[in-house]
Amino acid sequence: MAKVTVDGIELEVPNGSTILQAAELAGKEIPRFCYHERLSIAGNCRMCLVEVEKIPKPVASCAQPISEGMVIKTDSDMVRKSRRSVMEFLLINHPLDCPICDQGGECYLQDEAVGYGSDHTRYHENKRAVNEKDFGPLVKTVMTRCIHCTRCIRFLSEVAGVPELGATSRGEEMEVGTYVQRALSSELSANIIDLCPVGALTSKPYAFTARTWELRKTDSIDVLDAVGCSIRIDAKGPDVLRILPRINDAVNEEWLGDKSRFALDGLKRRRLDRPWVRQNGRLVEASWEQAFAAIAQRMHNVAGERIGAIAGNLCDAESMIALKDLMASLGSGNLDCRQDEAALDSTRRAFYLFNTTIEGIEEADACLFIGVDPRREAPVLNARIRKRWLAGKFPVGIIGPSLDITYDATHLGDGPSAITALQNGDHEFAGALEAAAKPMIILGQGALARPDGAAILAAVWALGAKYGVMNADWNGFNLLHVAASRVGALDMGFLPASGAKNLAGMMQGGVDILWLLGADEFDMSRITADQFVIYQGHHGDAGAARADVILPGAAYTEKNGTYVNTEGRAQWGARAVMPPGQAREDWRIIRAFSELIGHALPYDDLPAVRARLAAANPIFGEIGQVRRLAGIDLTGPTGEGAFDAAPFRPAVSNYYQTDPISRASPTMAKCVAAHASPLASAAE
Amino acid sequence: MMTLERPLTKNIKPNTPPMGLHAYQAAGGYEAVRQTLGRVAPADLVEMVIQSGLGGRGGGGFSAGRKWQLMPDPKADPGPRYLVINADEMEPGTFKDRLLLEGDPHQMIEGIILSAYAIQADISYIFVRGEYGTAITRLESAIGAARDAGLLGRNILGSSYDLEIHVHGGAGRYICGEETALLNSLEGRRAVPRAKPPFPQISGLWGRPTVVNNVETICNIPHIVLRGVDWYKSLGLDGESGTKIYGVSGRVKSPGTFELPMGTTLNDLIEHAGGMREGYQLRAVLPGGASTAFLLDDQLDIPLSFAGVAKAGSRLGTGTAIILDDRTCPVGMLHNLQHFFAQESCGWCAPCRDGLPWVERILAKIESGQGEMSDLALLDDIAGTLGPGRTFCALAPGAMASLVSGLTYFRAEFEQHIHTKSCGWT
Ligand SMILES: Cc1cc2nc3c(=O)[nH]c(=O)nc-3n(C[C@H](O)[C@H](O)[C@H](O)COP(=O)(O)O)c2cc1C
Ligand code: SF4
Ligand code: SF4
Ligand code: FES
């Protein structure tokens, strides 16, 4: 700690802090454009200049480390004059077109201009104009507004690891761009919209939709992958207009993947907004009563074991527990949440969680990926691994296809034989694992959703045991999930009861009645014509097309729901808008049906369902928390059998379209068109 | 009168190709290398250079030896270490390094070998201004000859010391002369300066310990080593060490470069250049290139040393004087200089990027007779906001040095342009 004085306030600050950080600790806000706490220091806007006693020149507070006894003035005449002059320079070439700028109302330049700008200009020469750029379907540019802070350049090269932006020309002619015109290809590209302090980079899909003060803002959780990023949903009337990341250092820092941000136009398309019932082979509109009656009638006299339920990837825990309880009341234990039929072992949480936790990644000192494409399955989590990699001394190995994951990695092999080789110590990467004190293994769903999945799971655990991946103060064994619902479903046991049927068992006539709760990601042709299918969900996707009865449910933006992320962290998503038309919150639909058939579920408000969840597993009551487990119990999952020689295929090949919402999104379709899927092009 | 010693230029004859390896060695060349490699401890060499009082000739005058001393111990931080020679020389009015590179490339190489040995660098880059094609070819052929003679490469002269020298041609950016922008450019990045700290000695080229020195600085080293600190100190006047390659441009009888004792007065320097041409009077001088403040005709007796010029309110800079005569429009000259700086601003920081072109446009307006009195106050004001600390590097403050002094000294000419709505000079 060092003692410094900021505007007369004496305080102790950690050694190595910058003057700007010290000033913040003293409660002094220092204006800044280029500085961002998650990016490297640029020091180029000069807005943060302060006066320091005994230093004759003004000092850039964002870049200057404090030293013992420093006396800092953040509000002297000189400082104020200096800020005014920087504002004047920045506004010289700025078009001052706030009334037609989407950043209006949330523009840092506008805010600072109020404090340090002048009401008239002393600049009477021509302003610079910059040619427009095309950064692809997501980021709209008005580069004449650019103040060259380089935040966007630094984000893409440092955090995203896809250095596609740079500066060309010098002096006043300097421009920020892609050099050769092309769409940005990072899955995290749209974060530069948030980072841009002015209106140079704005949201293309959201362009001219609304002003920030017209929006209703709801804090929630993203469900388009299993990371559980914190988001804010901005809505106006019945429409979700914008989704932005919220700061959550434990999960997403302040980043969000492009899909999670921009698939929202899919929330308005292909929606199921009323019940449907199949009559004479055709789906016809129905009332809730008619739909429920059709199901009740079909269920009449059907034994519990002939009924089954499958939960999809976007389901909230409330609706899954309600469906599970309904099935139990009907005498059915035929449940499955693994649409991909991944060989997951739910007997211990350590077998299916990302045990290291996302924050824990920063402590790790080696990483091995098996059958996973972290960049496309979980871009925000991948940015955390990249951050760790950037810090140095972090060997990375990959078993599976050799993909560009935005940092260097050693490719050990395409399939299971590389696991065997590593287990036998037959690869140089064995040395890296051995040398590491906190090694991580990240196992993807792609490696488990195959016939030898159980054997792979057991073998990877054994590999971890051999290399000290699980020990008394470190658990480096990790599953990376892609479905937001999956861990919650495993935690509540949305799995076949003992002796009951799993997904495969329910196919090909294995049950007479199949209740699909938002399940769209398996091959519907495995359901035979005589099986009766209830599809409960929000989009007219694969499941609805096969359904005999459709119950219109709510998308994640339209309901209060609990989701447990890949680390095992339970979080609450919140309703930002009402479901469209006659669609309803999902657990309430199931509750209503249970009452109709005389098996009324014992809860009928949200606190009561949540109490039921917590009773099923206390983790549902520990919102926002994660229990970090030590890895001392080395007994592994029980998976046997031989490996299949086939190479691993990661669970996600097309990042932009992974679920009914993103598949319905025109913006996501444009992204697909702008970037051919890397796997598809590799195969060509 | 004692004949002046000119160690740096003694081998250089105007309009003649430089000495080859044999002639250079016959004239005592590479003797310093033979006496030093494997015989003198690097730290002792550093100490010797500190004692010599040699100040950096790139413009700052910072002690070369002290700069070297900041290199970390190679045992504590093993890996590549670099010596980078700054031969970008794009400062307007400056052409001294060109003389040394074209005139005596072996002297440059010998200086590099000794300096790299002192800081225990194993790789050296010479970053040469792109337009200096002749210098590049001559350096490359001299490097080839030196390598063939075992003076470069592995195990030089059996001393177990290894050194490679690479010549890199710049692409024509003034900012590449700023040492950290130069390092970015060498790495293939955009030429913008880096934040200091970390200083290059700690994290320089590719993040490794690096010293950046000017051509002339390093050319002094063989002579200091061979003839000793006392001799070197005796070369300067007024308590200064060594010689300096001064330059003079403007309306003098024989403009050019002159190796003279450090601390020579401006008067004497102008005399060496033959005095003013017939019909021209000296009005003011930029003593050390375009980034220094004007001195007036009553300041010509000051010694041209780093301390001497600083005392007079300007900077020695590169030691190449630009003379303003009485028949040249000072507003036009300042406009011309600011045009250069505005064009060469790298664009990294806001005040320089947006401020210098503004300055240039105001000057253009005044020069063409369209200025107003309020423009002068505006110029004063902007110049104050582009001073040291306001911008990321020293380019903009350097640009303001001539402007601020010019606005003071030539106020009458500025006002005349504004009142008469025209430029009186032709
Ligand atoms: C804009 C700018 C341009 C510069 N150009 C040169 C140059 O062309 N040559 C040079 O030696 N130093 C130049 N310098 C100074 C270098 O940054 C650096 O201080 C010098 O190379 C150090 O060498 P020395 O210690 O031997 O003087 C420049 C500095 C600035 C700010
Ligand atoms: S586009 Fe925005 S973020 Fe990028 S440099 Fe310009 S102002 Fe900064
Ligand atoms: S002062 Fe000028 S040259 Fe130096 S960093 Fe700033 S913009 Fe670049
Ligand atoms: S915030 Fe410090 S220079 Fe931009």
Side-chain angles (χ1 to χ4, degrees), chain A residues 18 33-34 40-47 49-52 55-60 62-65 78 81-94 109 121-128 146-150 153 157 163 166-176 179 392, chain B residues 171-176 181 189-198 207 339-365 370-372 374-375 377-379 381-397:
Chain A
T18 60
F33 290 113
C34 68
S40 66
I41 294 170
N44 61 26
C45 76
R46 314 309 284 179
M47 189 64 182
L49 297 186
V50 296
E51 211 178 321
V52 178
I55 301 184
K57 317 186 256 191
V59 171
C62 68
Q64 183 76 38
M78 187 268 260
K81 185 163 182 300
S82 163
R83 288 176 191 163
R84 271 199 298 276
S85 80
V86 169
M87 280 310 297
E88 184 170 35
F89 289 135
L90 290 176
L91 293 174
I92 282 180
N93 280 315
H94 193 81
L109 188 64
T121 178
R122 301 194 291 176
Y123 184 78
H124 302 291
E125 330 304 322
N126 284 333
K127 282 182 185 273
R128 176 183 57 114
C146 171
I147 59 166
H148 308 90
C149 69
T150 69
I153 299 176
S157 59
T168 51
S169 298
R170 65 194 147 161
E172 203 187 21
E173 259 123 60
M174 170 178 171
E175 289 185 14
V176 171
Y179 196 55
Chain B
R173 287 284 153 102
Y174 175 56
I175 195 61
C176 289
R189 297 170 193 274
R190 185 174 164 80
V192 295
R194 298 177 180 176
K196 288 188 272 194
H339 169 72
F340 171 82
F341 288 117
Q343 173 183 299
E344 294 299 336
S345 159
C346 79
W348 177 247
C349 71
C352 171
R353 178 184 63 238
D354 289 315
L356 291 183
W358 190 5
V359 165
E360 186 202 341
R361 283 180 196 135
I362 300 170
L363 286 171
K365 220 168 76 175
Q370 285 153 25
E372 292 159 34
S374 61
D375 288 334
L378 187 53
L379 279 178
D381 206 40
I382 300 174
T385 62
L386 291 171
R390 307 294 183 134
T391 56
F392 192 80
C393 84
L395 184 142

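Proteins come first, then strands; the chains are lettered A, B, ... in the order of their sequence lines, and each starts at number 1. Everything quoted here is computed from the prediction, not taken from an experiment.
For L386(B), the part sitting under 4.5 Å from any heavy atom of chain A is the side chain, from C-beta outward, and nothing else. With a 4.5 Å cut-off on non-hydrogen atoms, R353(B) touches chain A through its backbone and its side chain both. With a 4.5 angstrom heavy-atom cutoff, T168(A) touches chain B only via backbone atoms. In this structure, no portion of S374(B) lies under 4.5 Å from any heavy atom of chain A. Contacts between Q64(A) and chain B at a heavy-atom distance below 4.5 Å are absent for every atom of the residue.
Contact count against chain A (heavy-atom pairs under 4.5 Å) is highest for D381(B) among D381(B), I175(B), L356(B). For the options A191(B), G347(B), P193(B), heavy-atom pairs under 4.5 Å to chain A are most numerous at G347(B). Contact count versus chain A (heavy atoms, under 4.5 Å) is highest, among T385(B), I382(B), V192(B), I362(B), for T385(B). Ranked by non-hydrogen atom pairs under 4.5 Å with chain B, the options E88(A), R128(A), K81(A) are led by E88(A). For the set K365(B), R173(B), R194(B), the count of heavy-atom pairs under 4.5 angstrom toward chain A peaks at R173(B).
Nearest heavy atom pair, residue I153(A) against residue A167(A), reads CD1-N, 4.0 Å.
Under the 4.5 Å side-chain criterion, counting only non-hydrogen atoms from C-beta, R390(B) is in contact with P58(A). Counting only heavy atoms from C-beta outward, the side chains of R190(B) and M174(A) approach each other to under 4.5 Å. Residues C34(A) and T150(A) are not in side-chain contact: their nearest non-hydrogen atoms beyond the backbone lie 4.5 Å or more apart.
Residue K57(A) places its NZ atom among 12 or fewer non-hydrogen atoms of other residues, nucleotides or ligands, all under 6.0 Å distant.
Using a distance-only test at 3.5 Å, with no hydrogens or angles considered, no donor-acceptor pair links the side chain of E172(A) to the main chain of P357(B).
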Given side chain to side chain contact (heavy atoms under 4.5 Å, CB included), test L109(A) with L91(A) step by step and report yes or no. CA-CA 9 Å; L109(A) 188 64; L91(A) 293 174; 3.9 Å; yes
